[in-house]
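Below, chain A is the first sequence line, B the second, and so on; all start at residue 1. Below, each value reflects all heavy atoms present in this structure, side chains not excepted, and no hydrogens, waters or symmetry copies.
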Amino acid sequence: DAKTTQPTSMDCAEGRAANLPCNHSTISGNEYVYWYRQIHSQGPQYIIHGLKNNETNEMASLIITEDRKSSTLILPHATLRDTAVYYCIVRSGAGSYQLTFGKGTKLSVIP
Amino acid sequence: NAGVTQTPKFQVLKTGQSMTLQCAQDMNHEYMSWYRQDPGMGLRLIHYSVGAGITDQGEVPNGYNVSRSTTEDFPLRLLSAAPSQTSVYFCASIPPGSMNTEAFFGQGTRLTVV
């Protein structure tokens, strides 16, 4: 699976959009981009995933660049409960179930 | 629907003791896995299983054994605990299918080896 690069930490004002970047320049054609978050040492929670089209669900939006070498997770209206470590993971969707976690981005939502 | 359940939540062991961390899921997922997370680090894969009777090693398998006799259960055994195994352990399961690949995690077992 391709490696990912994320900033170590970010701050976001409560109520504003949080934009979390991820670089995955070695991504191959059959690899998906997944985002998980971990709140206060709880078990990681799935947020969203995509292949090449932008995706949106009730939690977030995922924007993937046309060359697929980077992506951005957008939390449209960050709340204090969104303070967490966010992990960007790239893996093959074809029968590969393993997730490789980096250190992620620590997002702090500021009141 | 309980999801993924891990027991115990906390455990303190003495060096050399053995124990089993329990993981159970009630979603009929074929794939299950164990991770460990050390302070300030991401999760690292210990062992995984793609179905009953099938297990394989992940990134950091040394010192751990697993078995998968049923779809529901995937216990992790520490044969002779060492201080280096002090960590938080997470169990995860994933439903079958290449697209439906959201992983479900348990709430973790915090293990301290003294």
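With a 4.5 Å cut-off on non-hydrogen atoms, Leu45(B) touches chain A through its side chain but not through its backbone. Only the side chain of Tyr35(B) comes within contact range of chain A, with at least one heavy atom under 4.5 Å from a heavy atom of that chain. Contact of Arg44(B) with chain A is not made at all, since no heavy-atom distance falls under 4.5 Å. Proximity to chain A (any heavy atom under 4.5 Å) is shown, for Glu59(B), by neither the backbone nor the side chain.
Between Phe104(B) and His29(B), the ring-plane angle classifies as tilted under the 30° and 60° cut-offs. Aromatic ring orientation, Tyr36(A) versus Tyr34(A): parallel (interplanar angle below 30°, classes split at 30° and 60°).
A donor atom on one side chain and an acceptor atom on the other are found under 3.5 Å apart for Thr65(A) and Asp67(A).
Between Tyr64(B) and His47(B), the ring centre distance reaches or exceeds 6.0 Å.
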